[in-house]
Amino acid sequence: MALVVFLLAYLTRRRLDAANAWSGDSLWRTAFRGHSKTAAGQEAVKWKGLLLVAAPALLIAIAEWYLTDIGWRMAAYPLEFVLLVLLMGAPGWRSPLEAYSSSWARGDMQAAWHHIKDCLPARDRGAAASPDEMHLILSRTLMVDIFERFFLIAFWYVVGGPAAAFFVRGVIALRDHWPQAAARPGFSALAELLNWIPSRLLSFTFGVAGDLAGWMSEGRRVLAGVTLKTDQVLMTAANGALTGYALDPGRFSQIHPDEWADYGRRSLDAIRDLLNRSMLVWICVLALLVIAGVK
């Protein structure tokens, strides 16, 4: 049943993302709004934020156990569906990416940057000194965002149920939206810890869903990179799994200078196709686990 719940939630969430509807970030920001003020010297305190996400996660786990104990486990599945729809999703990407691709095709890199700069983390908004760097920053941000909003939730839902999925999504929200900026590095470190196994599992999936030979020559190195961060793992693995220099704009411009105007769109399409195929692989693996009686 977990497969059916996740599959329905995933398909629903994809439709909502296409319509740019139901952004979960606004709900998290509203939940954190009451903690915008804190005593001097307490700005880096993290326990309040962790309590805000850990307490509901614990309640969800208790409710799931209770319903299972009394034989009403089926009653929880509709609630899990709604919860997954709210936890997953990355709305807001479609329009900026379309405008970015159109601007790139016209050769208007300034307009391309204008369309996507608000989608990037604040630390990266001043780093795009060239079209190559701009595109790699965008690609990295898009890939990590989709990973954390879909694959990360899927992994922890399968491993630990809805409570684990809620807690993990809450940690990501704390890292991005907690009012006290001094506490965010601590939440970021915890997020990297929670990302460690799923990101490497996805990097392996890139090899299965993409160019296995290219991934074997380059992408597999990230599996042994204990200290590599999530964005490094995903970008390195995707670069090996993608053909046509989709994540190597400098090399592409040297080999195919006449096709440079189409590079932005082709590269983004390749990234999205790889992520979609990778999710299909995960769903197939989950189906096999269900058939084997593991889930």
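All of these numbers come straight from a predicted model, not from anything done at the bench.
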Practice task
Over all heavy atoms of both residues, which pair between P96 and H115 is shortest? Give the atoms and the distance, please.
Solution key: CB-O, 3.6 Å
Handout entry: Near-ring test H135/Y263, centroid separation under 6.0 angstrom
Key = yes
Practice task
Specify the closest pair of heavy atoms between R200 and L228, including all atoms of both residues, with the distance to one decimal.
Solution key: NH2-O, 3.0 Å
Practice task
Identify whether V233 and F150 are in the same connected component of the hydrophobic contact network (ILVMFWY, side-chain heavy atoms under 4.5 Å).
Solution key: no
Exercise for the section: Please report the C-alpha distance between C284 and L280 in whole Å, then the side-chain angles of each, then the deciding distance to 0.1 Å, and finally whether the side chain to side chain contact (heavy atoms under 4.5 Å, CB included) criterion is met. Expected result: CA-CA 6 Å; C284 291; L280 180 60; 4.3 Å; yes
Problem - Carboxylate-amine/guanidinium proximity below 4.0 Å for R175 and E192 - result: no
Handout entry: Approximate separation, where rounding is to 0.5 Å, of D231 CG and E148 CD
Key = 9.5 Å
Fill in the blank from the handout: One should read off an interatomic distance between L7 CG and T12 OG1, to the nearest 0.5 angstrom, of 9.0 Å
Problem - Backbone of R272 reached by a side-chain donor or acceptor of N276 within 3.5 Å - result: yes
Handout entry: Minimum heavy-atom distance between T205 and L201, given as atom pair plus value
Key = OG1-O, 2.7 Å
Practice task
Apply side chain to side chain donor-acceptor pair (under 3.5 Å) to N239 and list each qualifying residue two or more places apart in sequence or on a separate chain.
Solution key: E218
Practice task
For W93 and D145, test the side chains for any donor-to-acceptor distance below 3.5 angstrom and give the result as yes or no.
Solution key: yes
Handout entry: I197, CD1 atom: more than 12 neighbouring heavy atoms under 6.0 Å
Key = no
Handout entry: Backbone N/O of V85 and side chain of R13: donor-acceptor pair under 3.5 Å
Key = yes
Handout entry: Intermediate values then yes/no, side chain to side chain contact (heavy atoms under 4.5 Å, CB included), V159 and F155
Key = CA-CA 6 Å; V159 171; F155 176 86; 3.8 Å; yes
Problem - Test item: R15 and Y10 side chains (from C-beta on) under 4.5 Å apart, heavy atoms - result: no
Problem - L234 reachable from V226 in the ILVMFWY side-chain graph, under 4.5 Å edges - result: yes
Exercise for the section: Give a yes or no on whether a salt bridge exists between R169 and D25, defined as a side-chain N under 4.0 angstrom from a carboxylate O. Expected result: yes
Problem - Sub-4.5 Å side-chain heavy-atom contact between Y100 and K117 - result: no
Fill in the blank from the handout: In terms of heavy-atom contacts, A246 and A270 come closest through CB-CB, 3.9 Å
Practice task
Look at the side chain of W28 and the backbone N and O of D176, then say whether any donor-acceptor pair between them is shorter than 3.5 Å.
Solution key: no
Exercise for the section: Please work out which of the three classes, parallel, tilted or perpendicular, describes the rings of Y245 and H256, given edges at 30° and 60°. Expected result: tilted
Exercise for the section: Give a yes or no on whether the backbone of R184 and the side-chain of S188 come within a donor-acceptor separation of less than 3.5 Å. Expected result: no
Problem - Output field: ring centroids W156/F166 closer than 6.0 Å - result: no
Practice task
For atom CH2 of W196, decide whether the heavy atoms of other residues, nucleotides or ligands shown that lie under 6.0 angstrom number more than 12.
Solution key: yes
Practice task
Check whether I70 and W65 end up in the same hydrophobic cluster, where Ile, Leu, Val, Met, Phe, Trp and Tyr are linked by side-chain heavy atoms less than 4.5 Å apart.
Solution key: yes
Problem - Side chain proximity check, F147 to P198, heavy atoms < 4.5 angstrom - result: yes
Problem - Reported CZ-to-CE distance for the pair R14 and M279, which is rounded to 0.5 angstrom - result: 8.5 Å
Handout entry: Side chain D17, main chain A90, donor-acceptor under 3.5 Å
Key = yes
Practice task
Measure the shortest side-chain to side-chain distance between S95 and N20 over non-hydrogen atoms and say whether it is less than 4.5 angstrom.
Solution key: no
Handout entry: Electrostatic pair D262:R265 at N-O distance under 4.0 angstrom
Key = yes
Problem - R73 side chain near E64 side chain, heavy-atom distance below 4.5 Å - result: yes
Practice task
Using side-chain contact (heavy atoms from CB on, under 4.5 Å) as the criterion, point out the one residue from V281, T236, L274 that pairs with F206.
Solution key: L274
Handout entry: No-hydrogen, no-angle side-chain donor-acceptor test under 3.5 Å, T230 and N195
Key = yes
Practice task
Spell out, yes or no, whether L193 and V222 are grouped together once hydrophobic residues are joined by side-chain heavy atoms under 4.5 Å, including indirect joins.
Solution key: no
Practice task
Dump the intermediate steps for side chain to side chain contact (heavy atoms under 4.5 Å, CB included) on W260 and Q254, then the final yes or no.
Solution key: CA-CA 9 Å; W260 178 245; Q254 292 176 1; over 6 Å; no
Practice task
Check whether any side-chain N or O of S253 sits under 3.5 Å from a backbone N or O of G250 as a donor-acceptor pair, and report yes or no.
Solution key: yes
Exercise for the section: Measure across S101 and L268 and return the closest heavy-atom pair with its distance rounded to 0.1 Å. Expected result: OG-CD1, 3.7 Å
Problem - F151 and W282 aromatic centres sub-6.0 Å - result: yes
Problem - L83 side chain reached by I60 side chain, heavy atoms, under 4.5 Å - result: yes
Handout entry: Same cluster (ILVMFWY, side-chain, under 4.5 Å), L59 and V53
Key = no
Handout entry: Close side-chain approach of W178 and K46, heavy atoms under 4.5 Å
Key = no
Exercise for the section: Assess the side chains of R106 and S103: does a donor N or O sit below 3.5 Å from an acceptor N or O? Expected result: yes
Problem - Distance in Å, F81 CZ paired with L8 CG, rounded so as to fall on 0.5 Å steps - result: 6.0 Å
Handout entry: From I153 atom CD1 to L84 atom CG, the distance as rounded to the nearest 0.5 Å
Key = 8.0 Å
Exercise for the section: Please round to the nearest 0.5 Å and tell me the distance separating atom CG of L174 and atom CG of L52. Expected result: 7.5 Å
Handout entry: Pairwise side-chain contact, L190 with L50, heavy-atom cut-off 4.5 Å (strictly under)
Key = yes
Practice task
Please report the closest heavy-atom contact between L120 and L138, naming both atoms and the distance.
Solution key: CD2-CA, 4.0 Å
Handout entry: side chain to side chain contact (heavy atoms under 4.5 Å, CB included) evaluation trace for F6 with I283
Key = CA-CA 9 Å; F6 175 76; I283 291 173; 4.2 Å; yes
